[in-house]
Amino acid sequence: MKVYFILGILFCSIGSYAQDIGRQILERELDRNHYDEVLRGVDSLYRIEGKSSDLLFYEGKANEGMLRYKAAYRCYSEWLERDSSDRDARLALARVAALAGRTMKAVDIYEQLAGEDSLDFFVNYQLARLYQQIGKTVRAIGIYDRLYQTDTTNVTLLKRIGDCYNRIGWSMNAVDHYLRAVCLDPEDGETVVKAVNLMMANTVLFPDFIGQSGPLVDTALIYSPRLNALKQLRGILYYLSRRYFDCETTFEELIAQGDSTRVNFKYLGLALFHMNRFKEAVVPLAIADSLFQDDWGNRLDPELSMRYGETLGKCRETEKAMKVLGEIERQMMPDTLMLYRLAFLRGNACEEVDKREQAVCHYWRAYKLKEDNKNIIYTLMSFHCGLWTVEGRRRQASEEEVSKSLFFHVLFLQKMKALSSGERHYFNGLSGDILRKELDELFFRQEATPVVVDPDGKKYTYSADEMRELIKP
């Protein structure tokens, strides 16, 4: 009997020893990230001894390592059911709940844990991060800020607070926290990019953003010379500072290095345009215009597209220019200001190839969309001076041609009359001389009511006295 008792104790010791060896093997395989081996080992031990908290932990950890978050969530849930007070089980379950898409479950657990220990940095940070993720941004700021008060050199917290303020539209606060983070870690080029982009997007709040941003970007480039986002910002700042040659060089280098993002082509094309190198600008602007379009062909950057259309006009590719500007017009209706600008650019494109009648039609349409624009009125008037400034033209012109040309001089003087004397255009004198000559012509023909005709064919009759009133300085 004593022999059987001793043998029983021996077998129990061997079994216990085998279990310990099995767990040591699981630990070793887990440390090596051999997750399949861990799962096979756990399965074998389940058959021998059944489920236990430590085996559920190993299974959950292996599944988590293999990105099987739902399986890990099941394991940790079973572990927690066996011991609802186990803090490690709750932390593990909260972690994989967030990864498995059960965000609110993770929030609930972290809220409980944070309530138990308000000084636990990890728990409170994870709770704030989830608040930020689900849109409870103000709550997240409160927790991040409380953690920051205990560690005022924590760059990650400063960036997180900056991200939160950015999300709720508090740009000044966001930039402030980003810049404080950069002061602590000047090598963090990505945070510099965030700060400068925010300043560029809020020029009213940051009127001197170019002066502020330049040194920040230059310093960040010392530490992160291969970060293309920083190089792009440097090029954009060159463009905004009108350093077009430096801008061209920057974006040409980026494109040559294989960075073919649409921003690079956009600013390369714009820099060439402003240096009046229109033929060189066409290709990068065309590429950028095609990249700034959605799946339905709608242009996402009308300003860029208009500049592309204008460049085509400058290169005398009038048909292409009209096509591009027409497509923008159809997309932008009923934006009156945009339609005005498109009509003006169409007129400009026609003027470049000396299609004056078509140019007048487009300029006239632009005027009707924005009648208070002095430049468009001057442009229309200047198109209709030749009858009187070119010798012999007036005698050869028909009455209809004279009436149409006179209309723009009358319109020009009417608009100029409403301005103060200091604002009046020097062409006032030329239009006044033209009307004076026409009044003399009427006097000799014994006619007292000159008739003018607008481009739409509408006739206007003025008395000689009304004409003289317009001529007065």
Side-chain angles (χ1 to χ4, degrees), residues 30 53-54 56-185 188 190-191 193-195 198:
L30 202 58
S53 294
D54 56 346
L56 285 166
F57 162 75
Y58 288 125
E59 184 185 3
K61 198 70 177 170
N63 278 311
E64 190 178 346
M66 297 179 75
L67 311 182
R68 298 172 179 169
Y69 298 123
K70 288 187 177 180
Y73 180 85
R74 175 187 52 78
C75 296
Y76 293 149
S77 295
E78 287 188 46
W79 176 19
L80 189 59
E81 285 173 9
R82 291 169 178 270
D83 186 359
S84 59
S85 62
D86 192 314
R87 183 177 176 81
D88 289 337
R90 293 157 74 190
L91 283 169
L93 184 59
R95 184 177 63 251
V96 297
L99 295 170
R102 301 170 186 253
T103 307
M104 296 314 299
K105 177 66 175 178
V107 168
D108 290 341
I109 297 172
Y110 281 129
E111 283 179 339
Q112 292 169 13
L113 292 167
E116 294 168 10
D117 186 358
S118 60
L119 298 178
D120 189 316
F121 186 95
F122 175 80
V123 167
N124 282 275
Y125 176 78
Q126 293 301 325
L127 178 58
R129 188 180 60 80
L130 289 176
Y131 278 153
Q132 183 181 354
Q133 184 179 319
I134 63 177
K136 294 184 177 180
T137 315
V138 176
R139 286 192 187 182
I141 291 172
I143 297 175
Y144 285 139
D145 195 54
R146 179 161 50 80
L147 294 175
Y148 175 71
Q149 299 310 315
T150 64
D151 183 6
T152 54
T153 59
N154 195 308
V155 175
T156 299
L157 289 175
L158 283 169
K159 292 191 289 187
R160 285 283 185 179
I161 297 170
D163 289 342
C164 287
Y165 278 124
N166 186 15
R167 183 168 183 174
I168 62 176
W170 291 25
S171 302
M172 290 282 283
N173 293 49
V175 169
D176 175 61
H177 282 82
Y178 287 147
L179 294 182
R180 285 157 67 185
V182 170
C183 285
L184 292 169
D185 183 11
D188 188 353
E190 291 180 359
T191 302
V193 171
K194 287 183 180 179
L198 257 184

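Because the structure is a prediction, the values reported are computed rather than measured.
- The backbone N or O of Leu147 lies less than 3.5 Å from a partner atom in the side chain of Thr150, making a donor-acceptor pair.
- Taking each heavy atom of Ala72 and Asn63 in turn, the nearest pair found is N-CB, 3.8 Å.
- Note that CG of Leu113 and CG of Asp108 are 11.0 Å apart. Values are rounded to the nearest 0.5 Å.
- Distance check: Leu93 CG to Arg102 CZ gives 9.0 Å after rounding to the nearest 0.5 Å.
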- When you look at Arg82 and Glu78, which way does the salt bridge (charged side-chain N to carboxylate O under 4.0 Å, His left out) test go after all the steps? CA-CA 7 Å; Arg82 291 169 178 270; Glu78 287 188 46; 5.2 Å; no
- Message: Checking Asp163 against Tyr178 for the side chain to side chain donor-acceptor pair (under 3.5 Å) test, could you report, in this order, the C-alpha distance in whole Å, the side-chain angles of both residues, the deciding distance, and whether it holds?
- Response: CA-CA 8 Å; Asp163 289 342; Tyr178 287 147; 2.5 Å; yes
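- Between Phe122 and Leu91, the closest side-chain pair of non-hydrogen atoms falls below 4.5 Å.
- Considering all non-hydrogen atoms of both residues, Ala140 and Gln132 come closest at CB-N, 3.8 Å.
- The two residues Ala114 and Val123 come nearest to each other via the heavy atoms N-CG1, 3.6 Å.
- Heavy atoms from other residues, nucleotides or ligands lying under 6.0 Å from CD of Gln112 number more than 12.
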- side-chain contact (heavy atoms from CB on, under 4.5 Å) assessment of Glu116 paired with Arg87: CA-CA 11 Å; Glu116 294 168 10; Arg87 183 177 176 81; 4.1 Å; yes
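- Side-chain contact of Asn173 with Ser171: a donor-acceptor pair under 3.5 Å is absent, judged by distance alone.
- A salt bridge does not link Asp83 with Arg90: none of the charged nitrogens is closer than 4.0 Å to a carboxylate oxygen.
- Within the 3.5 Å criterion, the main-chain N or O of Ala62 finds no donor-acceptor partner in the side chain of Arg68.
- Taking CZ of Arg160 as the reference point, atom CG of Leu157 lies at 9.5 Å (rounded to 0.5 Å).
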- Could you please spell out the steps behind the side chain to side chain donor-acceptor pair (under 3.5 Å) verdict for Asp151 and Thr153? CA-CA 6 Å; Asp151 183 6; Thr153 59; 3.1 Å; yes
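- The closest side-chain heavy-atom distance from Thr191 to Leu179 is not below 4.5 Å.
- Remark: the Tyr131 side chain and the Glu111 side chain contain an N/O donor-acceptor pair separated by less than 3.5 Å.
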- Step-by-step side-chain contact (heavy atoms from CB on, under 4.5 Å) determination, Ile141 to Ile168: CA-CA 11 Å; Ile141 291 172; Ile168 62 176; 4.1 Å; yes
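- Asp185 contributes no side-chain N or O that, together with a main-chain N or O of Val155, makes up a donor-acceptor pair within less than 3.5 Å.
- Under the 3.5 Å distance criterion, the side-chain polar atoms of Tyr76 are matched with a main-chain donor or acceptor of Lys61.
- For the atom pair OG of Ser118 and CD1 of Ile143, the computed distance is 11.0 Å after rounding to the nearest 0.5 Å.
- Counting only heavy atoms from C-beta outward, the side chains of Lys105 and Val96 never approach each other to under 4.5 Å.
- You'll find the side chain of Ile134 reaches within 4.5 Å of the side chain of Thr103, heavy atoms only.
- In terms of heavy-atom proximity, Val175 sits nearest to Ala195 at CG2-O, 4.0 Å.
- A donor-acceptor pair under 3.5 Å is absent between the side-chain atoms of Asp176 and the main chain of Met172, judged by distance alone.
- Side chains of Lys159 and Lys194 form no contact here, defined as non-hydrogen atoms less than 4.5 Å apart.
- In this structure the side chain of Tyr73 never reaches within 4.5 angstrom of the side chain of Arg95, judged on heavy atoms.
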- Query: When you look at Trp79 and Asp88, which way does the side-chain contact (heavy atoms from CB on, under 4.5 Å) test go after all the steps?
  - Reply: CA-CA 10 Å; Trp79 176 19; Asp88 289 337; 4.0 Å; yes
- Start with the C-alpha gap between Leu184 and Leu158, add the side-chain angles, then the distance that decides, and say whether side-chain contact (heavy atoms from CB on, under 4.5 Å) holds. CA-CA 10 Å; Leu184 292 169; Leu158 283 169; 3.5 Å; yes
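- Under the 4.5 Å side-chain criterion, counting only non-hydrogen atoms from C-beta, Leu127 is in contact with Val107.
- Counting heavy atoms from C-beta outward, Tyr148 and Thr156 have side chains that stay 4.5 Å or more apart.
- Looking only at atom types and distance, the side chain of Gln126 has a donor-acceptor partner in the side chain of Arg129 under 3.5 Å away.
- Residues passing the ring pair (Phe, Tyr, Trp, His ring centres under 6.0 Å) test with Tyr144, sequence neighbours excluded: Tyr125.
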